[in-house]
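In the text below, chain A, chain B and the rest are named by the order of the sequence lines, each starting its count at 1. Everything numeric here is computed off the predicted structure, so don't read it as measured data.
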Amino acid sequence: MAIIIRLDRMLAERKMQLSVLAEKVDLSIVNLSNLKTGKVKAVRFSTLNAICKVLNCQPGDILEYVEDDDEDDENV
Amino acid sequence: MELVIEKKNFKVLIKGLNMIFTALLIVLSCLLLFFGALIVFASLISENFVLNLIEGGKFSASFNFSGFELFLAEPAIKKFHYDKGIIVLLLFIVLIYISIIFYIIILVKKFLNSIMQGEIFTLSNSKRIEKVAYCFVSLSFVINTIQTYLIYALSQLFTLEQFMESANWIKSVSYHFFGVNWSMFLCGLIIWTIGRIFRYGSFLQEEFDATL
């Protein structure tokens, strides 16, 4: 997938544990872990809003777009 | 508040249906065992044993076809002709019919159990519904044959054809073994459509579950 989740980087910068973030955002640790490892297919704006609020960051700090190799081949 | 009540009512309904289908399952299991034992018994006993039983005892017989009941007089009952082949085949056909119904009940029960566990729109549920649909479609092709053979077998055993043909107002008797029960076929199609809807629902459920 082309969207990379940089949640672990933000958590390290804010010196916050995943469990603390999960409690503050009112999500389960399992779900946040799935987000961190890129296993989720979609994120609601409300969830992204809550995470950014707690981590005091922008959505771009958590989400990063990287071009897929497959997409590169299609363009060529 | 209304949502909570609706949820409670739904749970009660599912529990009630589950109990009904469990009871049906038990009854059908007993019927299957009974007919299985009856087939074995019918294939082992001699024709003379049955004829002696009928001659010695006092029996009454009646046929009920969709609300129309025909009571046989004693001379007709005494003319009972025991044909082992017809009886065993008849019991075997009834056993197959009950087995198909039993399979449908098992599928519905598994579906209800899955709903009680909170898993409604899953691929396995949609497959169960589709299997029920296939059973209905299959039954629509064979049920006419089963019913006609039942009437044929009983008329052969009680030699009813001779009685009927001896009446001046009956010209002849014929049996139509092959035909489609269109109501059952249509039910099968509708249930299959519902199964495909559940399949799409399982896809949407997966998308929802994978959304944070």
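A 6.0 Å sphere centred on CZ of Phe177(B) holds more than 12 heavy atoms belonging to other residues, nucleotides or ligands. Remark: Lys127(B) NZ is loosely packed, at most 12 non-hydrogen atoms of other residues, nucleotides or ligands lying under 6.0 Å away. More than 12 heavy atoms of other residues, nucleotides or ligands sit less than 6.0 Å from atom CE of Met16(A). With a 6.0 Å radius and a threshold of 12 heavy atoms from other residues, nucleotides or ligands, Tyr152(B) has its OH atom at or below the threshold.
Between the side chain of Thr211(B) and the main chain of Val43(A), no donor-acceptor pair closer than 3.5 Å is present.
Neither the backbone nor the side chain of Leu48(A) comes within contact range of chain B, judged by heavy atoms closer than 4.5 Å.
Taking every heavy atom of both residues into account, Leu212(B) and Thr47(A) meet most closely at O-OG1, 3.1 Å.
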